[in-house]
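Worksheet for the structure shown next.
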Amino acid sequence: MTETKSTQTAILDTAHAGDIHGALGSIARDDTAPRATLLARLKTLLAIVGPGLIVMVGDNDAGAFGTYTQAGQNYGTTLLWTLLLLIPVLYVNQEMVVRLGAVTGVGHARLIFERFGRFWGAFSVIDLLVLNALTIVTEFIGITFALHFLGVSQFWGVLASAVIVMLAVSTGDFRRFERFGIVLVAGSLLLLPVILMVHPPVGQIAADFFVPKMPQDAKLSEVMLLIVAIVGTTVAPWQLFFQQSYIVDKRITSRFIRYERMDLCIGIVLVVVGAVAMISFCAEVFAGKPEFGNYTDALGTAVGLEKYAGRLPAVLFALALLDACIIGAAAVALSTAYAIGDVFAVKHSLHRKPWDAKGFYGVYCGLIMLAAVLVLTPGTPLGLFTNAVQTLAGVLLPSATVFLLLLCNDRHILGPWINSVRLNLFTGAVVAGLVMLSVILTAAVLFPDLSEQWIIGILAGGSLLALAVTAAVKLYEMLSHGRASSRFTHKPPLFDRDTWRMPPLDWLPPARLSPLSRIWMLVLRGYLVVAAGLVLLRIVQFATVGA
């Protein structure tokens with residue numbers, strides 16, 4: 001019985017087990033040979049590469065194009081340093097879901113349901129569904145900007161884009177979709193010729209990338225709002241759900257985690273290079289021009305590029321925007337379809353044909369069609385959608401990171417792959433920072449006249465409160481002989497890390513949260529209720545005024 005039990009896993013869909021068929025190579029399920037040569041390792045990497053590239057480049061979507069070009073047009077290259085600070089945050093967050101996907105064989109939403117109960121499970125899925133639906137609308141808004149500049153009919157162009165996005169996923173061939181995604185990843189490199197043609201000063205770019213400073217003579221509240229937007233567009237909740245489920249669907253297991261980490265690193269390099277390029281060439285093109293400090297949207301950026309740098313850079317920028325919106329729409333919609341399939345334990349795999357996974361493909365195509373229809377419907381408050389996405393993403397991001405941290409400290413889920421103490425300390429600091437930035441973003445949207453003193457007060461007060469509560473609870477745990485804190489001790493692995501996988505979920509004992517975790521979960525629940533309620537009220541007010 002013990003031997004049988006050790007070989008069973010928690011995989012919900014049988015299509016999630018089998019040979020790996022990636023865009024650039026394959027690995028047989030029974031191929032356990034060591035990769036002793038450089039060539040063998042390279043072939044393995046090529047077969048594994050894909051999830052990290054697609055999730056990272058997919059995050060440089062319509063919202064990212066708007067945020068990065070606004071930073072460059074309004075403040076030059078002075079905010080490039082924010083990207084450097086976000087690199088470790090990006091890696092740590094996505095590396096944790098890499099381990100969760102490869103070790104558990106289960107999607108992110110399912111783990112939250114099973115370990116934290118129906119309330120948090122339903123919350124995670126419902127907020128993901130709403131936020132992702134709004135995000136996909138912004139992707140199609142970006143598509144209309146690109147089509148308008150390129151002189152293509154917006155009606156037929158949006159319909160064609162929607163059909164392409166749906167057909168690319170609906171072939172029933174995982175490898176075919178991943179090759180489609182890799183082609184779009186390559187399309188993101190169109191931004192490089194733009195920066196080469198504009199040729200901003202490399203020395204200034206390097207200085208502002210490595211040395212933090214704030215724009216001179218700029219209103220702190222506006223700069224902070226843009227910094228929060230950069231964080232929100234670079235680290236998005238849908239990324240966690242997408243990459244974990246995509247890794248499960250690609251059949252990547254524990255022994256390939258080191259290769260998936262390399263895939264993730266390559267993706268992070270591409271996303272940072274794209275962001276640096278957009279900020280830099282906008283800073284150079286608009287410096288000293290009437291448009292400097294007066295950002296409108298990505299369409300205005302394309303028009304400005306054509307006016308001051310020539311037609312070719314502007315066309316390449318518009319094509320890169322179109323490419324980014326298509327890959328973003330596909331990845332965001334897939335993250336939702338995967339989550340719904342996970343929660344309801346129905347077939348949810350790109351290895352299956354549409355008629356063999358009707359619910360999975362129905363959710364995916366439904367989101368795409370809804371977004372396309374809304375964008376093409378006259379009178380739709382598109383600006384309201386954009387504001388709602390930015391604000392809701394800022395509100396919901398901390399909760400996603402908290403769940404991620406707790407799951408990666410659950411020994412029953414990750415076994416020998418749980419977080420180290422150092423990683424917990426770093427991630428805990430990241431969570432605290434995200435919560436404070438989320439509060440600032442929510443407050444700035446709800447109260448546009450928020451003063452600099454309030455922003456500084458939120459940052460200082462939040463830091464002191466977090467330290468005080470953490471210290472008090474840790475003291476309580478120490479006085480209680482550290483019963484709860486033992487769960488977070490990184491013990492030597494008792495199993496072979498390369499072969500260990502989580503057993504079926506119904507075999508796991510109930511999750512036990514430490515006192516500190518319970519307190520922060522209560523704080524998080526209260527914050528989400530208040531912040532989400534205020535945001536929804538503000539959205540209704542905007543909609544009423546618009547009507």
Within the distance-only criterion (no hydrogens, no angle test), does the side chain of H108 pair as donor or acceptor with the backbone N or O of G101 below 3.5 angstrom? no

[atom1] of [X] to [atom2] of [Y]: how many Å apart, nearest 0.5 Å?
| X | Y | atom1 | atom2 | value |
| --- | --- | --- | --- | --- |
| Q154 | F140 | CD | CZ | 13.0 Å |
| H348 | D249 | NE2 | CG | 7.5 Å |
| L350 | H16 | CG | NE2 | 8.0 Å |

Side chains of [X] and [Y] in contact at under 4.5 Å (non-hydrogen atoms):
| X | Y | value |
| --- | --- | --- |
| I368 | V169 | no |
| Q94 | L240 | yes |
| E178 | F174 | yes |

Return the orientation label for the F317 and F281 ring planes: parallel under 30°, perpendicular over 60°, tilted otherwise. perpendicular

Quick one: sort the F242 and Y246 rings into parallel, tilted or perpendicular, breaks at 30° and 60°.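 F242 vs Y246 ring planes: parallel.
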
Taking only residues two or more places apart in sequence, or in another chain, which ones meet R251 in a side chain to side chain contact (heavy atoms under 4.5 Å, CB included)?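 With neighbours one apart ignored, the set is I20, H21, H351.
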
For R311, all residues meeting side chain to side chain contact (heavy atoms under 4.5 Å, CB included), sequence neighbours excluded: F149, E306, V315

For Y295 and T69: C-alpha separation, side-chain torsions, deciding distance, then whether side-chain hydrogen bond (donor to acceptor under 3.5 Å, both in side chains) applies. CA-CA 8 Å; Y295 179 80; T69 53; 3.1 Å; yes

Any donor-acceptor N or O pair under 3.5 Å, side chains [X], [Y]:
| X | Y | value |
| --- | --- | --- |
| T78 | D208 | no |
| S335 | N132 | yes |
| E284 | Y308 | no |
| R99 | S254 | no |

In terms of heavy-atom contacts, does CZ of R35 have more than 12 from other residues, nucleotides or ligands at under 6.0 Å?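 Yes, because the 6.0 Å sphere around CZ of R35 holds more than 12 heavy atoms from other groups.
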
Which atom names give the shortest non-hydrogen contact between E260 and D263, and what distance separates them?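 In this case the closest contact between E260 and D263 is OE2-OD2, 2.8 Å.
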
Under 6.0 Å between the ring centres of Y338 and F360?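 When the ring centroids of Y338 and F360 are compared, they turn out to be within the sub-6.0 Å range.
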
